[in-house]
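Computed from a predicted model, the values in this text were never measured in an experiment. We're numbering straight along the sequence, starting at 1.
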Amino acid sequence: MSRKVVRTSKFRHVFGQAVKADQCYDDIRVSQNTWDSNFCCVNPKFLAIVVEASGGGAFMVLPLSKTGRLDKSQPVVCGHTGPVLDIDWCPHNDNVIASGSEDCSVMVWEIPDGGLTRSLTEPLVTLEGHTKRVGIVLWHPTALNILLSAGCDNVIMIWDVGAGQGVISIDETHTDLIYSVAWNPSGSLLCTSCKDKKIRIIEPRSGNIQVEKEKPHEGSRPVRAIFVSDEQILTTGFSRMSERQVALWDLKSLNEPLTLQELDTSSGVLIPFFDPDTNVVYLCGKGDSSIRYFEVTDEAPYVHYLSLYTSKDSQRGMGYMPKRGLEVNKCEIARFYKLHERKCEPIIMTVPRKSDLFQEDLYPDTVGPDPALTAEEWLGGKDAGPLLISLREGYAPSKSRELKITKNVLNTRLPKHIGSSNESGSRGEPALEQILEQIKQLRVTIQGLEKRIAKLEEKTAN
């Protein structure tokens with residue numbers, strides 16, 4: 001009789017546990033919007049949640065310590081004129097958050113230490129360039145003040161927030177709605193999934209498609225894709241029979257996945273969260289009441305099922321704490337912030353260990369808050385991996401870093417539309433040729449808009 005050999009893994013006994021009721025955030029009117037977004041974002045200082053708002057869009061920002069029942073007059077961030085669809089904390093400044101909205105704009109906000117004492121209506125900067133609602137906002141992992149946004153106009157825009165302007169527009173690559181966008185660890189590549197049933201690996205500064213895969217999952221429901229290393233991506237999607245799937249792909253050969261596993265027949269889109277320090281991926285489905293987690297290794301079948309955290313209530317969204325915000329003395333390897341209809345509940349993932357000492361194998365050096373590159377260096381073609389810090393002594397959030405927006409009218413760069421040549425000008429006053437080229441590009445843009453207006457007027461006349 002053969003005995004089944006159990007695969008050894010230090011994460012085999014990881015378990016999830018919800019905090020006590022008095023450590024939850026209660027009486028929050030979580031957004032009822034059906035957009036496939038997390039509606040929640042968290043960092044070591046603050047928790048941000050998209051909430052219901054009349055006459056526009058709003059999100060709430062709370063210091064992590066402000067648990068319990070919230071006051072009905074709790075201040076919110078409410079500068080958008082349409083519902084907020086996505087939010088993202090800046091990885092290099094814990095007081096700065098970006099938001100995308102149905103009003104077609106992206107706004108960047110600065111939250112004071114200690115949280116809001118009154119509602120915030122004036123953003124640091126408003127970034128306008130999309131022609132339809134903005135459903136995805138995502139900061140660059142290693143370059144300071146570089147922000148990406150993707151809209152329902154099928155355009156990805158990259159912004160230099162410090163200069164308050166768009167610098168790159170990838171507008172002819174995607175033929176349909178963009179479901180997800182993810183940076184690789186160094187921020188040199190993008191991975192996108194689209195309604196046209198393709199996933200693409202894109203070099204963002206040139207817009208060149210490095211590699212693409214048609215129908216990574218046979219079903220017609222949305223696909224999500226993230227990098228798990230510079231050479232591999234993980235996707236979640238649906239089979240032709242609407243079974244949910246998870247797959248791992250090698251970018252050198254996308255003909256067949258390294259592994260493809262079927263999970264269940266629920267209808268919610270699975271949103272993956274990957275921890276590069278432990279190689280554990282967590283799958284959270286909107287409308288589910290569970291979190292599945294897997295370990296990604298170099299051995300077949302490559303994605304190994306670990307366990308399942310379940311609870312009674314379904315989740316409307318999920319926030320994922322960066323590693324530097326965890327309690328290392330309690331062997332906490334992940335913390336989620338689960339949105340219910342009227343509250344937010346932290347869920348802690350722990351590796352059971354008897355010792356209270358620092359566990360080096362669980363906490364290798366992790367991504368720190370300092371950028372590796374300036375915006376100018378990254379836009380100039382330079383790449384660098386994240387700067388790492390040790391968690392041996394724990395992590396104490398630093399005081400607020402001021403984000404300075406310097407708009408120079410003379411040196412304003414038009415977004416670099418992929419396919420057109422656009423070299424950055426020298427510092428100071430731009431050359432006459434550059435100004436004439438900018439005028440020419442503006443005229444082309446205006447002509448294009450006039451044609452679209454004429455077509456729409458024809459439709460309404462008929």
Side-chain angles (χ1 to χ4, degrees), residues 79-80 86-101 103-111 122-131 134 136-151 155-171 181 183 187-188 190 203-207 369-384 400-418 420-442 445:
H80 286 287
D86 197 20
I87 49 177
D88 193 33
W89 286 107
C90 176
H92 309 123
N93 189 333
D94 287 340
N95 294 69
V96 171
I97 187 169
S99 58
S101 166
D103 65 11
C104 308
S105 72
V106 176
M107 292 184 181
V108 179
W109 311 83
E110 188 165 33
I111 309 299
E122 288 297 319
L124 277 176
V125 63
T126 301
L127 304 169
E128 294 177 319
H130 287 284
T131 57
V134 180
I136 298 169
V137 288
L138 193 63
W139 291 92
H140 192 283
T142 63
L144 184 66
N145 293 343
I146 293 291
L147 175 66
L148 174 150
S149 63
V155 173
I156 291 175
M157 291 202 70
I158 295 174
W159 311 86
D160 180 351
V161 174
Q165 63 190 29
V167 286
I168 297 170
S169 176
I170 304 174
D171 48 12
V181 185
W183 296 98
S188 60
L190 290 174
E203 203 292 320
R205 285 160 295 206
S206 67
D370 294 317
L373 300 168
T374 64
E376 290 76 19
E377 286 173 331
W378 184 79
L379 290 167
K382 193 173 177 184
D383 292 314
S400 169
R401 305 177 183 184
E402 189 183 359
L403 172 58
K404 292 180 180 175
I405 312 293
T406 53
K407 285 192 177 181
N408 184 345
V409 177
L410 280 176
N411 202 26
T412 297
R413 281 184 291 191
L414 291 174
K416 174 179 160 188
H417 292 269
I418 296 311
S420 68
S421 61
N422 182 39
E423 297 297 323
S424 57
S426 59
R427 299 198 173 198
E429 198 164 311
L432 179 63
E433 291 83 1
Q434 286 180 296
I435 294 172
L436 291 171
E437 179 63 25
Q438 289 182 1
I439 292 169
K440 185 179 171 184
Q441 288 186 17
L442 277 171
T445 305

- Item | Trace of the side chain to side chain donor-acceptor pair (under 3.5 Å) decision for Trp183 with His140 | CA-CA 7 Å; Trp183 296 98; His140 192 283; over 6 Å; no
- Message: Using 0.5 Å steps for rounding, measure from the NE2 atom of His92 to the CG atom of Leu403.
- Response: 12.5 Å
- Message: Within the 4.5 Å heavy-atom criterion, are Glu110 and Pro123 side-chain neighbours or not?
- Response: no
- Query: Between Cys104 and Thr131, is any pair of side-chain heavy atoms under 4.5 Å apart?
  - Reply: no
- Item | Minimum heavy-atom distance Ser149-Val106, with the two atoms named | CB-CG2, 3.7 Å
- Quick one: does Trp139's side chain get under 4.5 Å of Ile97's, heavy atoms only? no
- Task: Indicate yes or no: at least one non-hydrogen side-chain atom of Asp370 is less than 4.5 angstrom from one of Leu144.
- Result: no
- Message: Between Ile87 and Trp109, does the side-chain contact (heavy atoms from CB on, under 4.5 Å) criterion hold? Intermediate values first, please.
- Response: CA-CA 11 Å; Ile87 49 177; Trp109 311 83; over 6 Å; no
- Message: For Ile168, is there any backbone N or O sitting under 3.5 Å from a side-chain donor or acceptor partner on Arg205?
- Response: no
- Check the pair Ser99, His80 against side-chain contact (heavy atoms from CB on, under 4.5 Å), reporting the backbone distance first and the verdict last. CA-CA 9 Å; Ser99 58; His80 286 287; 2.7 Å; yes
- Can you name the one residue among Leu147, Thr126, Val137 that meets side-chain contact (heavy atoms from CB on, under 4.5 Å) with Val108? Leu147
- Query: What distance separates Asn93 CG from Asn145 CG, expressed to the nearest 0.5 Å?
  - Reply: 8.5 Å
- Tell me, with the steps shown, if Leu379 and Ile146 meet side-chain contact (heavy atoms from CB on, under 4.5 Å). CA-CA 9 Å; Leu379 290 167; Ile146 293 291; 4.3 Å; yes
- Task: For residues His130 and Ser105, determine if any side-chain heavy atom of one lies less than 4.5 Å from a side-chain heavy atom of the other.
- Result: no
- Message: I need the Ile170 CD1 to Ile156 CD1 distance, nearest 0.5 Å.
- Response: 5.0 Å
- Message: Could you tell me if the side chain of Glu128 sits less than 4.5 Å from the side chain of Val134, heavy atoms only?
- Response: no
- Message: Nearest 0.5 Å, please: how far is CG in Leu138 from CG in Leu190?
- Response: 8.5 Å
- Task: Decide yes or no for Trp378 and Pro371: does some side-chain heavy atom of the first lie under 4.5 Å from some side-chain heavy atom of the second?
- Result: no
- Message: Return the CG to CD distance between Asp160 and Gln165, rounded to the nearest 0.5 Å.
- Response: 6.0 Å
- Could you state the interatomic distance from CE (Met157) to CD1 (Ile136), rounded to the nearest 0.5 Å? 15.0 Å
- Query: What pair of heavy atoms forms the shortest contact from Ser188 to Pro204, and how long is it?
  - Reply: O-CD, 3.2 Å
- Heavy-atom donor-acceptor pair, Asn95 side chain to Ile111 backbone, under 3.5 Å: yes
